[in-house]
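Working notes for the structure below.
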Amino acid sequence: MTGAGRPGAARTRAVAAGAAVLTVLAGLGVRAFMDGAFAKYAGDALYTVLICALAAVIAPGARPVVKAGAGLAFSWAVELLQLTGVPADLSRHSTAARLVLGSTFGAPDLFWYAVGAAFAWAAMVLAAPPHRRLPSRTATGGVGGAPPRPEEEGDFRWPDSCEGCPSGHS
């Protein structure tokens with residue numbers, strides 16, 4: 001099961017929405033109390049963390065690597081779009097466009113977006129219950145689709161839900 005049908009999807013969405021709000025507050029705090037390169041690059045990383053959190057709201061059942069990858073791809077796409085000049089034009093007329101699209105391409109930003117995606121991925125993995133942090137294994141392949149090792153043979157697959165899990169979460 002994935003998405004809304006998966007047990008715990010509502011909880012995952014709520015946690016992700018809370019993380020998005022905290023990320024916006026962190027970004028505003030960095031802008032208010034810091035300046036220079038630290039503030040700029042922290043803002044870049046937090047931008048991607050926010051996009052990853054929003055990806056988790058939209059697709060709570062997706063694996064953390066997919067959510068982080070989507071956030072990174074979106075961030076890079078927006079940064080590369082700045083090479084066209086379209087975001088700069090829109091930013092002159094709209095504060096919202098300036099906040100979402102930026103205005104000027106900066107190659108170092110691409111690195112800091114990756115830092116933000118890595119941070120978001122790590123946070124999502126660490127926030128998962130311990131038994132859900134392990135990679136899934138299937139009867140047709142080992143970890144990540146690799147051929148199974150002899151000890152992985154059989155119909156073993158991690159459960160899709162945490163129902164009956166001893167950790168007490170939903």
Side-chain angles (χ1 to χ4, degrees), residues 2-4 6 8-136 143-146 162 169-170:
T2 61
R6 184 177 61 81
R11 179 184 175 279
T12 300
R13 281 192 170 105
V15 169
V21 169
L22 289 175
T23 302
V24 169
L25 292 174
L28 292 172
V30 166
R31 292 288 248 176
F33 300 110
M34 305 287 181
D35 57 359
F38 177 82
K40 186 207 180 324
Y41 296 128
D44 289 344
L46 288 169
Y47 177 86
T48 300
V49 171
L50 174 62
I51 300 303
C52 294
L54 295 176
V57 170
I58 293 167
R63 293 179 305 156
V65 70
V66 172
K67 294 179 243 186
L72 180 59
F74 181 87
S75 299
W76 280 353
V78 168
E79 189 69 24
L80 294 172
L81 181 65
Q82 292 172 358
L83 291 169
T84 67
V86 171
D89 289 340
L90 294 172
S91 293
R92 282 191 279 278
H93 304 290
S94 166
T95 301
R98 185 172 57 249
L99 291 172
V100 174
L101 301 176
S103 60
T104 308
F105 175 80
D109 295 352
L110 299 172
F111 170 77
W112 292 103
Y113 295 142
V115 169
F119 177 84
W121 170 83
M124 287 184 270
V125 168
L126 292 174
H131 67 281
R132 305 252 329 151
R133 293 182 196 160
L134 299 172
S136 70
V143 176
C162 294
H169 66 276
S170 56

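Side chains included, hydrogens not; waters and symmetry mates left out as well; all remaining heavy atoms used.
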Checking V100, T104, L81 against P87 for side chain to side chain contact (heavy atoms under 4.5 Å, CB included), the one that qualifies is L81
Checking side chain to side chain contact (heavy atoms under 4.5 Å, CB included) between T23 and each of V49, L54, L28, which is the one that passes? V49
Work out which heavy atom in [X] is nearest to a heavy atom in [Y]; give both atom names and the distance.
| X | Y | answer |
| --- | --- | --- |
| T48 | G116 | CG2-C, 4.2 Å |
| G71 | C52 | CA-SG, 3.9 Å |
| A117 | A68 | O-CB, 3.6 Å |
| A16 | V57 | CB-CG2, 3.6 Å |
| G106 | Q82 | N-OE1, 4.5 Å |
| P60 | T12 | CB-CG2, 3.6 Å |

Are the side chains of [Y] and [X] in contact, using a 4.5 Å heavy-atom criterion?
| X | Y | result |
| --- | --- | --- |
| L110 | F105 | yes |
| Y113 | F74 | no |
| V86 | D89 | no |

Can you tell me how far apart [atom1] ([X]) and [atom2] ([Y]) are? Round to the nearest 0.5 Å.
| X | Y | atom1 | atom2 | value |
| --- | --- | --- | --- | --- |
| Y41 | L46 | OH | CG | 15.0 Å |
| F111 | D44 | CZ | CG | 11.0 Å |
| R98 | H93 | CZ | NE2 | 11.5 Å |

Is a donor on one side and an acceptor on the other found under 3.5 Å between the side chain of E79 and the backbone of A107?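 Here the side-chain-to-backbone pair does not exist.
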Between K67 and I58, does a side-chain contact (heavy atoms from CB on, under 4.5 Å) hold up when you go through it step by step? CA-CA 10 Å; K67 294 179 243 186; I58 293 167; over 6 Å; no
Short side-chain donor-acceptor distance under 3.5 Å, S103 and S91: no
Would you sort out whether Y47 and V78 count as a side-chain contact (heavy atoms from CB on, under 4.5 Å), showing the intermediate values? CA-CA 11 Å; Y47 177 86; V78 168; 3.8 Å; yes
